[in-house]
A.B. asks: 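Here it is, the structure, as structure tokens.
Keep in mind it's a predicted model, so treat the numbers as computed, not measured.
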Amino acid sequence: KEPAKKKERGELIFTLLDTSGSMMSQTSTGRSYMDEMGKYIPQIVSGYDGAVYKIDTQFSQVSNKAARKAFKEGNSMAYRGGGGTNFDAAYEDIILRKRKEKFECLVLVLTDGYVTIDPAMVQEIGSSIFVIPKGDVNAFMRLNQGVVMDMVESKKYPAVTIVAVDFGNDLEEA
């Protein structure tokens with residue numbers, strides 16, 4: 001009897017979507033920050049393994065595979081939340097999984113920028129991309145001075161990168 005083949009895991013992207021109350025503010029397009037950021041999720045989950053974390057003061061998650069299935073069936077993820085934003089628990093969850101399963105990954109953070117991120121957690125992950133509205137990048141930088149300094153990129157993924165979003169135009173790297 002042949003041994004069962006072990007399924008190879010694809011590239012891992014963990015998407016952290018800020019669902020705090022401030023994400024309900026309107027952008028220049030008339031849509032909320034949450035709706036604008038959420039529109040990227042179907043493309044992200046279609047090509048990668050990992051999970052989507054919806055984060056306000058707590059988090060919930062769904063695997064990219066389950067999200068792919070939901071989008072394929074015409075369902076969407078509910079992007080509603082409220083209150084503040086605490087990314088620490090989601091980062092801790094990913095770090096614990098990473099330590100246990102020994103993988104490299106990319107963390108993609110979709111936020112309005114009015115959050116603080118623990119630099120030690122970002123450093124342990126090694127690769128994070130923060131997608132922030134163009135007008136709020138400076139606020140994020142002020143709140144997170146230690147996050148973007150001295151980051152080490154992994155073999156597969158970049159170090160910390162900030163991508164500024166102008167919802168009427170394409171993405172720009174800050």
A.B. asks: Measure the spacing between CG of Leu96 and CD of Glu124 and express it to the nearest 0.5 Å.
C.D. replies: 8.5 Å
A.B. asks: Within a radius of less than 6.0 Å around CD of Gln58, do more than 12 heavy atoms belonging to other residues, nucleotides or ligands occur?
C.D. replies: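 No - once you tally the heavy atoms of other residues, nucleotides and ligands closer than 6.0 Å, there are 12 at most.
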A.B. asks: Kindly write out the residues that satisfy salt bridge (Lys or Arg N to Asp or Glu O under 4.0 Å) with Arg142, not counting sequence neighbours, or none if the list is empty.
C.D. replies: none
A.B. asks: What distance separates Met23 CE from Thr85 OG1, expressed to the nearest 0.5 Å?
C.D. replies: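 Here the rounded value is 8.0 Å.
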A.B. asks: Is there a side-chain contact between Lys39 and Arg31 (heavy atoms, below 4.5 Å)?
C.D. replies: yes
A.B. asks: Please test Gln43 against Tyr48 for side-chain contact (heavy atoms from CB on, under 4.5 Å), starting from the C-alpha separation and ending with a verdict.
C.D. replies: CA-CA 9 Å; Gln43 293 128 350; Tyr48 302 95; over 6 Å; no
A.B. asks: Going through the distances and angles, do Lys65 and Arg68 end up as a side-chain contact (heavy atoms from CB on, under 4.5 Å)?
C.D. replies: CA-CA 5 Å; Lys65 183 178 179 179; Arg68 266 193 303 274; 3.7 Å; yes
A.B. asks: Would you please name every residue forming a side chain to side chain donor-acceptor pair (under 3.5 Å) with Gln26, sequence neighbours left out?
C.D. replies: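 Gln26 satisfies side chain to side chain donor-acceptor pair (under 3.5 Å) with no other residue.
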A.B. asks: If I take atom CD1 from residue Ile55 and atom OG from residue Ser20, how far apart are they, to the nearest 0.5 angstrom?
C.D. replies: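 Between Ile55 CD1 and Ser20 OG, I get 10.0 Å after rounding to 0.5 Å.
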A.B. asks: In Å, rounded to the nearest 0.5 Å, how long is the span from OG1 of Thr27 to CE of Met34?
C.D. replies: 12.5 Å
A.B. asks: Using the side chain to side chain donor-acceptor pair (under 3.5 Å) criterion, which residues pair with Asp88? Sequence neighbours excluded.
C.D. replies: none
A.B. asks: Using the rule side-chain contact (heavy atoms from CB on, under 4.5 Å), only one of Leu17, Ile94, Thr15 pairs with Tyr53; which is it?
C.D. replies: Ile94
A.B. asks: Side chains of Phe87 and Met121: does their closest heavy-atom pair fall under 4.5 Å?
C.D. replies: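 SC-SC contact between Phe87 and Met121 ruled out.
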A.B. asks: Where do Gly50 and Leu12 come nearest, in terms of heavy atoms and distance?
C.D. replies: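 Looks like N-CD2, 3.7 Å.
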A.B. asks: Minimum heavy-atom separation for Val62 and Ala67, please, with both atom names.
C.D. replies: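 Reported closest heavy-atom pair: CG2-N, 4.2 Å.
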A.B. asks: Among all residues two or more places apart in sequence or in another chain, which pass the salt bridge (Lys or Arg N to Asp or Glu O under 4.0 Å) test with Glu92?
C.D. replies: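 Testing Glu92 for salt bridge (Lys or Arg N to Asp or Glu O under 4.0 Å), a comparison that skips the adjacent residues, returns none.
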A.B. asks: Can you tell which of Leu16, Ile117, Val163 makes a side-chain contact (heavy atoms from CB on, under 4.5 Å) with Phe130?
C.D. replies: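 Among the candidates, only Ile117 passes.
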A.B. asks: Just list the side-chain donor-acceptor pairs under 3.5 Å for residues 108-116, sequence neighbours left out, or say none.
C.D. replies:
| from | atom 1 | to | atom 2 | distance (Å) |
| --- | --- | --- | --- | --- |
| Thr111 | OG1 | Asp18 | OD2 | 2.8 |
| Thr111 | OG1 | Gly113 | N | 3.2 |
| Asp112 | OD1 | Tyr114 | N | 3.1 |
| Asp112 | OD2 | Ser22 | OG | 2.4 |
| Tyr114 | OH | Asp136 | OD1 | 3.1 |

A.B. asks: Can you find a pair of side-chain heavy atoms, one from Asp49 and one from Asn64, that are under 4.5 Å apart?
C.D. replies: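 Of all side-chain heavy-atom pairs linking Asn64 with Asp49, none is under 4.5 Å.
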A.B. asks: Excluding sequence neighbours, so at least two apart, what forms side chain to side chain donor-acceptor pair (under 3.5 Å) with Tyr91?
C.D. replies: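 If we apply the side chain to side chain donor-acceptor pair (under 3.5 Å) test to Tyr91, skipping adjacent residues, the hits are Ser128.
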A.B. asks: As an exercise, state the distance from CG of Asn138 to CD1 of Ile132, rounded to the nearest 0.5 Å.
C.D. replies: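 So the CG of Asn138 and the CD1 of Ile132 are separated by 10.0 Å.
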A.B. asks: Kindly indicate whether the side chain of Val165, heavy atoms from C-beta on, has any atom under 4.5 Å from the side chain of Glu36.
C.D. replies: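 In short, these two side chains do not touch, never coming nearer than 4.5 Å.
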A.B. asks: Which atom names give the shortest non-hydrogen contact between Asp35 and Ser32, and what distance separates them?
C.D. replies: N-OG, 2.9 Å
A.B. asks: Which heavy-atom pair separates Tyr33 from Pro133 by the least distance, and what is that distance?
C.D. replies: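 Heavy atoms of Tyr33 and Pro133 come nearest at CE2-CG, 3.4 Å.
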A.B. asks: Heavy atoms only: give me the nearest Ser127-Cys105 pair and the separation to one decimal.
C.D. replies: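 Heavy atoms of Ser127 and Cys105 come nearest at CB-O, 3.7 Å.
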A.B. asks: Search all heavy atoms of Arg97 against all heavy atoms of Ala51 and return the closest pair with its distance.
C.D. replies: NH1-CB, 4.5 Å
